[in-house]
Amino acid sequence: MSAARGRLCLTCLATLSLAFVFAAPCPAQSGNRSIADRSIDWPTFADWRRVLSLRDYNTRVVVVGTCLLGLGTGVVGSYTLLRKRALTGDALSHATLPGIALAFIISTAYGGEGKSLPLLLAGAAVTGVLGVVAILLIRRGTQIKEDAALGTVLSVFFGAGVALLGIVQQMKGGHAAGLEGFIYGKTATMLARDAILIGTASLICLGITTALSKELRLLCFDQAYAASSGMSVWLLDTLLMAMVVAVTIIGLQAVGLVLVIALLVIPAAAARFWTEHLATMSVIAGVIGALSGAIGSAASALLPRLPSGAMIVMVATAFFLVSMVFGRSRGVMVRWWRRRQLNRRIVLDHLLRGVFEITESDHASPTPGVPSPSVMARFDSLLPLRSWSSRELARVIRHAEREGYVRWAADRDVRLTEEGVREAERLTRQHRLWELYLVTYADVATARVDRGADAIEHVLEPNTIDRLEELLRQRRHQQLPASPHEITRATESGGAS
């Protein structure tokens, strides 16, 4: 599935989820618990069926709302992660606390409804934006690094918010009951209008990232080229930060300002293990974020004593761990397998080149680099080339035999096959081209050039080989350059020359 189709599917999913929220609530049934119930009973089979089928209206609203929140934060977080602005969301979320408290204080002082959610979110947005602006001003106007600016703004704004909450608790006309929910999240009290607001914001973010995918990709990977192409880097950066503000503000009620940063970072970081393409990464991050929200809130419905925000983050962490281990692009298992294959290939290359050069040194030929027709070497003569033990060398030879490069019977000579001769000659030629380049252009002593060539010859691309030939002006009739140093059975460094 292409990235464009993936984004289209995510948009359709978000739209259908919003329509699902509008479905009429089911009548309450005696004996059933909603997601807001805080009993300590372990879930029964009926509870599992009720939650998984989203029969309860409250459970349905919460699961759909957190799913849409994870979808929006996952997509936006992909761009902030690659833009190296992941922790900006952390500072922004902590900077919203004083805005929430100030909105409550001002509204209560003028006789309004202090706990009006739109008013509290508006206050959070104002101070959140101020926090981002403060970070930018500190970073550009002083010599303080970005991490120090983030830490300063985060701690100052959060400390101010805690102080303002203390003032709210002492107010005569109001109290702070419920405001602490913005710190730790209050997913269980989510209403249908909250889920609709979250879904709308997620749809807007999906639309913006889809429409400006090319521009945002350039912004993340090559800001200078984006500016030279006539794009407004400042405007794109501002738009990206506006999306971060939007998903952070709407995520406060679900997971709280302490944990909302997890939804911006963890799904995107998990998706990074699966692909090298930004568009595909954003789709995967959106799916991981959506699943984290849905599964985490459903788990909280089954076990009401577990807070929903924490469960959502723990599920996202589980996805991250799985991705880190099994991700097909950057996962631990894949990297281990690639490194193992590379090491095996390097050892095989050393064997083939060793047999080739031993044959070349044993049979002097008037034409440099042209060995005798019978390309073989004794087992004992191969041992000192790489300080192999007999067991290790036997294992390498058997591997080369399985690949069809050599023929060998135990305690007999190692003979290259026709395919093995071609591969050995290619490896030797590649090695000597790099040796000549180091001697000619890097002023490396011929006695020490072998080790330097050994370190790089296994990863040379064909275009690099062509470039080396051009730089060194190889003669057309010379298929294999002569070695710049004397070929011996074993060098002082223990490597094949």
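Throughout, residue positions are numbered sequentially from 1 according to the sequence presented. Every heavy atom of this structure was used, including side-chain atoms; hydrogens, water molecules and symmetry mates were not.
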- Item | CD1 on Ile266 to CZ on Phe319, rounded to 0.5 Å | 12.0 Å

- Item | Atom pair OH/CZ of Tyr79 and Arg217 - distance to nearest 0.5 Å | 7.0 Å

- In Å, rounded to the nearest 0.5 Å, how long is the span from CD1 of Ile312 to CG of Leu263? 6.5 Å

- Message: Quick one, Val332 and Arg335 - any side-chain contact, counting heavy atoms below 4.5 Å?
- Response: no

- dist Ile295:CD1 -> Ser300:OG (nearest 0.5 Å) comes out at 13.5 Å

- Grab the two heavy atoms, one from Ala95 and one from Gly131, that are nearest each other, plus how far apart they are. CB-CA, 4.2 Å

- Query: Do Cys67 and Leu71 have side-chain heavy atoms sitting under 4.5 Å apart?
  - Reply: no

- Quick one: closest heavy-atom pair of Val132 and Leu92, and the distance? CG2-CD1, 3.4 Å

- Query: Does Thr96 reach the main-chain N or O of Ser93 with its side chain, forming a donor-acceptor pair under 3.5 Å?
  - Reply: yes

- Message: For a 4.5 angstrom cut-off between non-hydrogen side-chain atoms, does Arg272 reach Leu82?
- Response: yes

- Message: Quick one, His350 and Ile346 - any side-chain contact, counting heavy atoms below 4.5 Å?
- Response: yes

- Query: When you look at Arg83 and Asp237, which way does the side-chain contact (heavy atoms from CB on, under 4.5 Å) test go after all the steps?
  - Reply: CA-CA 9 Å; Arg83 183 68 176 141; Asp237 223 353; 3.0 Å; yes

- Task: Determine whether more than 12 heavy atoms belonging to other residues, nucleotides or ligands lie under 6.0 Å from atom CE of Met314.
- Result: no

- Of all heavy-atom pairs linking Ser282 and Val75, the shortest is O-CG2, 3.7 Å

- Task: Measure from the side-chain N and O atoms of Thr275 to the backbone N and O of His277, and report whether any donor-acceptor pair falls under 3.5 Å.
- Result: yes

- Message: Minimum heavy-atom separation for Gly293 and Thr66, please, with both atom names.
- Response: O-OG1, 3.0 Å

- Task: Check the pair Thr200 / Ile204 against side-chain contact (heavy atoms from CB on, under 4.5 Å), numbers first and verdict last.
- Result: CA-CA 6 Å; Thr200 302; Ile204 292 174; 4.1 Å; yes

- Item | Heavy-atom closest pair, residues Ala103 and Gly123 | CB-CA, 4.2 Å

- Query: Is there a side-chain contact between Leu212 and Ile208 (heavy atoms, below 4.5 Å)?
  - Reply: yes

- I would like to know whether Val244 and Val76 meet side-chain contact (heavy atoms from CB on, under 4.5 Å); could you show each step before the answer? CA-CA 7 Å; Val244 174; Val76 174; 3.9 Å; yes

- Query: Is the backbone of Phe104 close enough, under 3.5 Å, to the side chain of Ser107 for a donor and an acceptor to pair up by distance?
  - Reply: no

- Message: Measuring only between side-chain heavy atoms, which start at C-beta, is Leu69 closer than 4.5 Å to Ile250?
- Response: yes

- Query: Partners of Arg426 by salt bridge (charged side-chain N to carboxylate O under 4.0 Å, His left out), sequence neighbours excluded?
  - Reply: Glu423

- Message: Can you tell me how far apart CG (Leu137) and CD1 (Ile144) are? Round to the nearest 0.5 Å.
- Response: 12.0 Å

- Task: Step through it carefully: locate the ring centre of Phe273, locate the ring centre of Phe326, and say whether they are under 6.0 Å apart.
- Result: no

- Query: Within a strict 4.5 Å, meaning less than it, do heavy atoms of the Met281 and Leu81 side chains meet?
  - Reply: yes

- Message: Please check this pair: side chain of Thr280 against backbone of Glu276, looking for a donor-acceptor N/O pair closer than 3.5 Å.
- Response: no

- Message: Does Arg338 form a side-chain contact (heavy atoms from CB on, under 4.5 Å) with Gln341? I'd like the steps, not just the answer.
- Response: CA-CA 5 Å; Arg338 289 173 181 170; Gln341 293 298 99; 5.7 Å; no

- Measure from the side-chain N and O atoms of Ser228 to the backbone N and O of Tyr225, and report whether any donor-acceptor pair falls under 3.5 Å. yes

- When rounded to the nearest 0.5 Å, the distance separating CG of Leu120 from CD1 of Ile249 is 11.0 Å

- Less than 4.5 Å apart, any side-chain heavy atom of Thr80 and any of Met243? no

- Contact summary for Leu218 and Ala226, nearest pair of heavy atoms: CB-CB, 3.9 Å

- Query: Where the side chain of Asn343 meets the backbone of Arg339, is there a donor-acceptor pair that is under 3.5 Å apart?
  - Reply: yes

